[in-house]
2 protein chains.
Amino acid sequence: MGIVRKTRSVDTILELFEDTDHAFSGVSLIERLRDQMNKTTVYRILDRLEDEGIIHSFQDQKGLTWYAKCQSCASGQHTDLHPHFQCRSCGRTSCLHVKITIPLIRNHQIEGAELLMTGLCDQCT
Amino acid sequence: MGIVRKTRSVDTILELFEDTDHAFSGVSLIERLRDQMNKTTVYRILDRLEDEGIIHSFQDQKGLTWYAKCQSCASGQHTDLHPHFQCRSCGRTSCLHVKITIPLIRNHQIEGAELLMTGLCDQCT
DNA sequence: TTGTTATTGCAACCTTGTTGCTTTAATTAA
DNA sequence: TTAATTAAAGCAACAAGGTTGCAATAACAA
Ligand SMILES: [Mn+2]
Ligand SMILES: [Mn+2]
Ligand SMILES: [Zn+2]
Ligand SMILES: [Zn+2]
């Protein structure tokens, strides 16, 4: 929809997401980019990138928002259904590229699903 | 662990959860009980009931906390793994008593999982 | 270059939830 | 029954995450 200009700030954020299934929390991005841009800017860029289908967001069990790169989504169309994993020890959070089965629920029209798995990552086991 | 006294406030909240798979958001409880108790009290009672394995909590896609009755959990032991559903039209949110399959992830030790399904409920279809 | 429009910075604000501390109510001991 | 004990409740202040309005700036197109 709206044109997303490739500004210095946008590039900085896009680089972080490049070639990784690692997710970043909004809070961690604000901290990390503190010297380079305002927190309002961070959130607004994340919003735009999500609108464009370049990244997607999800919530963790504390209610924090996390962002990660999309693999195959388009503008306004987030279609890549996959679970996320958060390590309770190191906090690392990432996309899992596995198929998940969503149960059918009688009389309900299911449109989306978010699965968050928690435990220990390979580093922390 | 800690003794949970059955006070008027606790009873009031417990009654809401009785015999239903309907979930309540913290915010909605505070609003609903505004004339009967302080919001700090609401949150503290919810915490205690969750510690005791009487209710459980989960997050929705906006990061709000929801609470619902447990079916078979014990003090300090939330073992009832099931998905939740939130209607995008009316906002009603509830526990789904269906089995879900959590994928195995190589090198990861999975300890928990939360599945939130969204769509339209029977009333809103 | 200049004009147009998207993007950014900043301060102020909002919502959800938490904390410290005093007061009140429930339970237990006498 | 009354007094002592301790959990629970009320209140105000605070904190974290996130949003909004508006003026200033940077991209882009003409
Ligand atoms: Mn993902
Ligand atoms: Mn439930
Ligand atoms: Zn880890
Ligand atoms: Zn509905």
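Proteins get letters first, then strands, A, B, ... in listed order; numbering begins at 1 in each.
- Rounded to an integer number of Å, the gap from B/Phe24 CZ to C/dT16 P is 17 Å.
- The main-chain N or O of B/Ala68 is found under 3.5 Å from a side-chain atom of B/His56 such that the two form a donor-acceptor pair.
- Nearest heavy atoms, B/Pro83 versus B/Met117: CB-SD, 4.2 Å.
- Pairing each heavy atom of B/Phe85 with each of B/Thr118, the nearest pair is CE1-C, 3.8 Å.
- Residues A/Gln71 and A/Asp21 bring a donor and an acceptor atom of their side chains to less than 3.5 Å of each other.
- Across all strands shown, B/Ile45 has heavy atoms under 4.0 Å from sugar-phosphate atoms exclusively, and none from any base.
- For A/Gln36 and C/dT7, the CD to C1' distance is 17 Å, given to the nearest whole Å.
- In this structure, B/Ile30 places its CD1 atom 13 Å from P of D/dG10, rounding to the nearest Å.
- Of the side-chain N and O atoms in A/Tyr43, one or more sit less than 4.0 angstrom from OP1 or OP2 of D/dG18.
- The distance from atom CG of A/Asp35 to atom P of C/dC10 is 12 Å, rounded to the nearest whole Å.
- The distance from atom CG of A/Asp51 to atom P of C/dT7 is 11 Å, rounded to the nearest whole Å.
- At least one side-chain heavy atom of B/Glu111 sits less than 4.5 Å from a side-chain heavy atom of A/Leu120.
- Formation of a donor-acceptor pair under 3.5 Å by the A/Thr12 side chain with backbone atoms of A/Arg8 is found in this model.
- Here C/dT15 presents its P atom at 16 Å from CG of B/Asp60, a figure rounded to the nearest Å.
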Any protein N or O atoms within reach of nucleotides 12-16 of chain D? Criterion: under 3.5 Å, listing atom names and distances.
from: D/dA12; atom 1: N6; to: B/Thr40; atom 2: OG1; distance (Å): 3.4

Could you list, one pair per line, each protein nitrogen or oxygen that sits under 3.5 Å from a nitrogen or oxygen of nucleotides 28-30 of chain C, together with the distance?
none

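- Residues B/Glu50 and B/Ser57 have side chains that bring a donor and an acceptor to within less than 3.5 angstrom of each other.
- For A/Phe58 and A/Tyr67, the gap between ring centers reaches or exceeds 6.0 Å.
- A salt bridge is defined here as a Lys NZ or Arg NE, NH1 or NH2 lying under 4.0 Å from an Asp or Glu carboxylate O, and A/Lys69 with A/Glu18 fails to meet this definition.
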Produce the list of close N/O pairs, under 3.5 Å, pairing protein atoms with atoms of nucleotides 22-30 of chain D; give distances to one decimal.
from: D/dA27; atom 1: N3; to: A/Arg5; atom 2: NH1; distance (Å): 3.4

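- Of the possible donor and acceptor atoms, none in the side chain of A/Thr41 sits under 3.5 Å from a partner among the backbone N and O of A/Met37.
- Note: A/His82 and A/His97 have tilted aromatic rings, judged against thresholds of 30 and 60 degrees for the angle between ring planes.
- Rounded to an integer number of Å, the gap from CG of B/Leu33 to C1' of D/dG10 is 15 Å.
- If you take CD of B/Gln61 and P of D/dG18, they are 15 Å apart, rounded to a whole angstrom.
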